[in-house]
Every structure is written in C-alpha cells, then in structure tokens.
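See structure below.
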Amino acid sequence: METDDTRTRPEAECGHCRRGAYDFPLTMAFQPIVDIVRQEIFAYEALVRGPNGENAGSVIKAVTDEITEGEAVTDPAHLARIVTAYRAMGFRTAIDDFGAGHSNLNLLAQFRPDIIKLDMVLIRDIDRDKVRQSLVRHCVGLCDDLGILMVAEGIETLAEYQTLRGLGVKFIQGYLLAKPGWRRLPEAQFTDFTTV
C-alpha cells in the first residue's frame, strides 16, 4: 500500500500551486518602479493583498513554504530550479529588501537574480549619511559587473532622490513618485527632479 508522502516535498508543493490546489482569496496592489534617467515607468511591482485590501501578512499566513527576504534559504538547489523555471516562462526574479535579513551577498553567490531591490533602511536619509552613500555606490558597481538591474526602494524625499541619482542609481520606487494602487496601476508623479 502506497502513502502520499509527496505533500511534504518542495517539488510537490510547487505542483499543488500549479494545479490550483490552494484556495484562498487574494488581490493585488501595484507600485511603479521608475527609470529616473528616462523619466518613465519601467515596471510595476505586484504586492499581494487580502480581498479587502488587507496587507500581505493576511495572505502569507495562509501559504505554506513562502520564500521571503526574511527567511534563510534552506534548499538553494530548489530555489535555483524555481528561478530557472520562472526564466523559462519569461519572468524576471528579484531579491527584495537586499541588505536586510537573509537578503544578502550569499544569495548573489548561490544564484544570480535579474533584479535586486535595495532595502529602504539603507536608503532612508542617504543624503545625510556618507556610509550609506558609499555602500550604494559600490552596490551600483557590483550590479553593473554582474549584469543585475538594481532598484532603490522606499524613496520618500527629494534629497534622497537627488543623492541616489548622483550615485548612479537608475531605477527607484517609493512614495515620492507613487504609492501602491489597490487593484490599479498608478501613474508616477514626475516633477522637476533633475537637478542634483
């Protein structure tokens, strides 16, 4: 007699998702990622929300084995297979909140994502912090060397924007330009941000 013990294996969990075996309500909010050189929207990040706009935590608690920036990668080979499968489907993979928690250089050594998003704690008040400026300047060079697109997230002030632009950051996301839109694609609010 066989037992179905495959439910505990990561491959089986992915299979359940592909077949729609999980049933819980969710919606999305979208926040633009902006190309500040071209002054246009590059992409939208899809942010999971509950059916009534609840935050991501309300949905994530219903999902088993979610991969988030706050967790250590316990099976790098499985994660690499997921990234490869996503690329084959035409998706790009990003490391969110890079520089915080387990989203660090070790992930770049284990697999190379298409995009990294610098954590907003690294960005906050960067205009007044020479250490943060140095870290971001070197992250720009590292990403250029590895062919990884880098996004700075959490930009809330004009001074942060101007400092990041001066450091060579090309892609940003934050409330300065647009808050997430629930069930809609918000426009970015461009003004005269070009003076550094």
Is it possible for you to say whether Phe30 and Ile41 belong to one hydrophobic cluster, with membership spreading through side-chain heavy-atom contacts below 4.5 Å?
yes
Greater than 12 external heavy atoms within 6.0 Å of Arg124's CZ:
yes
Check the pair Gln162 / Asp127 against side chain to side chain contact (heavy atoms under 4.5 Å, CB included), numbers first and verdict last.
CA-CA 8 Å; Gln162 291 172 334; Asp127 51 297; over 6 Å; no
Applying the side-chain contact (heavy atoms from CB on, under 4.5 Å) test to Glu153, which of Leu122, Ile123, Asp119 qualifies?
Asp119
Do other residues, nucleotides or ligands put more than 12 heavy atoms under 6.0 Å from Glu40 CD?
yes
Give every residue pair that meets the ring pair (Phe, Tyr, Trp, His ring centres under 6.0 Å) criterion with at least one member in residues 32-57, sequence neighbours excluded.
Phe42-Phe171
For Ile95 and Pro113, which heavy atoms make the closest approach, and how far apart are they?
CD1-CG, 3.6 Å
Mind checking the CZ-OG1 spacing from Arg128 to Thr157? Nearest 0.5 Å is all I need.
8.0 Å
As an exercise, state the distance from CG of Leu158 to CZ of Arg165, rounded to the nearest 0.5 Å.
11.5 Å
Membership question, hydrophobic clusters at under 4.5 Å side-chain separation (ILVMFWY): are Leu167 and Val131 in the same one?
yes
Flag if over 12 foreign heavy atoms under 6.0 Å of CZ, Arg87:
yes
Heavy-atom count around Arg184 CZ within 6.0 Å, excluding the residue itself: above 12?
yes
For residues Ala46 and Met28, report the shortest heavy-atom separation together with the two atoms involved.
CB-SD, 4.1 Å
Cluster overlap Val83 with Val151, hydrophobic side-chain contacts below 4.5 Å
no
If you look at every heavy atom in Gly50 and Thr27, which pair is closest and at what distance?
O-OG1, 2.7 Å
Which is it for Glu160 and Ile172 under the side chain to side chain contact (heavy atoms under 4.5 Å, CB included) test, yes or no, and what are the steps along the way?
CA-CA 10 Å; Glu160 290 168 349; Ile172 69 165; over 6 Å; no
From CA spacing to verdict: side chain to side chain contact (heavy atoms under 4.5 Å, CB included), Val169, Val140
CA-CA 7 Å; Val169 174; Val140 168; 3.9 Å; yes
Hey, does the side chain of Asp35 reach the backbone of Val37 with a donor-acceptor pair shorter than 3.5 angstrom?
yes
Working to the nearest 0.5 angstrom, can you tell me the gap between Arg132 CZ and Leu118 CG?
12.0 Å
Thr163 (side chain) donor-acceptor with Ala159 (main chain) under 3.5 angstrom
yes
Going only through I, L, V, M, F, W and Y residues with side-chain contacts under 4.5 Å, is there a path from Val34 to Met120?
no
Using 0.5 Å steps for rounding, measure from the CD atom of Gln133 to the NZ atom of Lys130.
4.5 Å
At their closest point, which heavy atom of Pro186 faces which heavy atom of Gly181, and how far apart are they?
CG-N, 3.7 Å
Between Ile155 and Leu177, is a side chain to side chain contact (heavy atoms under 4.5 Å, CB included) present by the stated rule, with each step listed?
CA-CA 8 Å; Ile155 289 75; Leu177 296 176; over 6 Å; no
Under a 3.5 Å distance rule, please check whether Gln189 uses its side chain to pair with a backbone N or O of Leu176 as donor and acceptor.
no
Under 4.5 Å between side-chain heavy atoms, hopping through other hydrophobics if needed: is there a path connecting Ile36 to Met150?
yes
Does Trp182 offer a backbone N or O that forms a donor-acceptor pair with the side chain of Arg49 under 3.5 Å?
no
Does a side-chain heavy-atom distance below 4.5 Å link Leu146 with Arg112?
yes
Without swapping roles, check the side chain of Arg183 against the backbone of Gly53 for a donor-acceptor pair under 3.5 Å.
no
